[in-house]
Amino acid sequence: MDCIFCKVAKGEVASDIVYQDEEVVAFRDINPQAPHHVLVIPRRHIATVNDLAEPDAALVGRLYLAARQVAAQLGVADEGYRLVMNTNRMAGQSVFHIHLHLLAGRAMHWPPG
Ligand code: 5GP
Ligand code: ZN
């Protein structure tokens, strides 16, 4: 399987990692949409939210705990940040390995585009 985020998780392609542990890696997006744009991924390949199953519940929780940690590290926890996970075509998912976008450093609009 040729998955760019699996390669990031294994260190096979260069990335600017801001947090990692046994299950999760967080790294800066290559095409940032905000002053801070970090992607939080599980090391294990899961293509989309549609592919999540009951045993993945703790892992998904880990993504949020890692995002919380990254927000604190970046100093944006209090001012605020947005967490987004796009799923499939209509939401604009382009990499099919689940990832939580952490966007911060500017005011976010609602509804999102
Ligand atoms: P999606 O559109 O699937 O929600 O988000 C995919 C994100 O991955 C995009 O924001 C894109 O800029 C980012 N991205 C794609 N390839 C790479 C890569 O090789 N390295 C990094 N750091 N980000 C990537
Ligand atoms: Zn993958």
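In listed order, ligands and their atoms are each counted from 1. Reckoned from all heavy atoms, side chains included, excluding hydrogens, waters and symmetry mates.
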When rounded to the nearest 0.5 angstrom, what is the spacing between CD in Gln93 and CG in Asn50? 8.5 Å
Mind checking whether His101 and His37 have parallel, tilted or perpendicular rings, split at 30° and 60°? tilted
Mind jotting down which residue pairs meet the side-chain hydrogen bond (donor to acceptor under 3.5 Å, both in side chains) criterion with at least one end in residues 2-13? Sequence neighbours excluded, please. Asp2-Lys7
Strictly distance-based, threshold 3.5 Å: is any side-chain N or O of Arg106 a donor or acceptor partner for the main-chain N or O of Pro35? no
So, leaving waters aside, the tally of protein N/O/S atoms less than 2.8 Å from the Zn ion (ligand 2) stands at 4
Say whether, by atom type as modelled, one donor and one acceptor occur between the side chain of Arg68 and the main chain of Ala77 under 3.5 angstrom. no
Walk me through it: do Ile46 and Leu59 pass the test side chain to side chain contact (heavy atoms under 4.5 Å, CB included)? CA-CA 11 Å; Ile46 300 170; Leu59 181 57; 4.0 Å; yes
Has Asp21 got a side-chain atom pairing as donor or acceptor with Val24's backbone, closer than 3.5 angstrom? yes
May I have the N/O to N/O pairs between ligand 1 and the protein that fall below 3.5 Å, each with atom names and distance to one decimal?
from     : atom 1 : to     : atom 2 : distance (Å)
ligand 1 : 2 (O)  : Gly92  : O      : 2.9
ligand 1 : 2 (O)  : Ser94  : N      : 3.3
ligand 1 : 2 (O)  : Ser94  : OG     : 2.9
ligand 1 : 3 (O)  : Ser94  : N      : 2.7
ligand 1 : 3 (O)  : Ser94  : OG     : 3.3
ligand 1 : 3 (O)  : Val95  : N      : 3.0
ligand 1 : 3 (O)  : His99  : NE2    : 2.9
ligand 1 : 4 (O)  : Asn86  : ND2    : 2.9
ligand 1 : 4 (O)  : His99  : NE2    : 3.0
ligand 1 : 4 (O)  : His101 : NE2    : 2.8
ligand 1 : 5 (O)  : His99  : NE2    : 2.9
ligand 1 : 5 (O)  : His101 : NE2    : 3.3
ligand 1 : 10 (O) : Asp29  : OD1    : 3.2
ligand 1 : 10 (O) : Asp29  : OD2    : 2.5
ligand 1 : 12 (O) : Asp29  : OD1    : 2.5
ligand 1 : 22 (N) : Arg28  : O      : 2.9
ligand 1 : 22 (N) : Ile30  : N      : 3.4
ligand 1 : 23 (N) : Ile30  : N      : 3.3

So does His97 get a backbone contact from the side chain of His99, meaning a donor-acceptor N/O pair under 3.5 Å? yes
Among residues two or more places apart or on two chains, list those pairs meeting side-chain hydrogen bond (donor to acceptor under 3.5 Å, both in side chains) that have a residue in residues 71-91. Gln69-Gln73
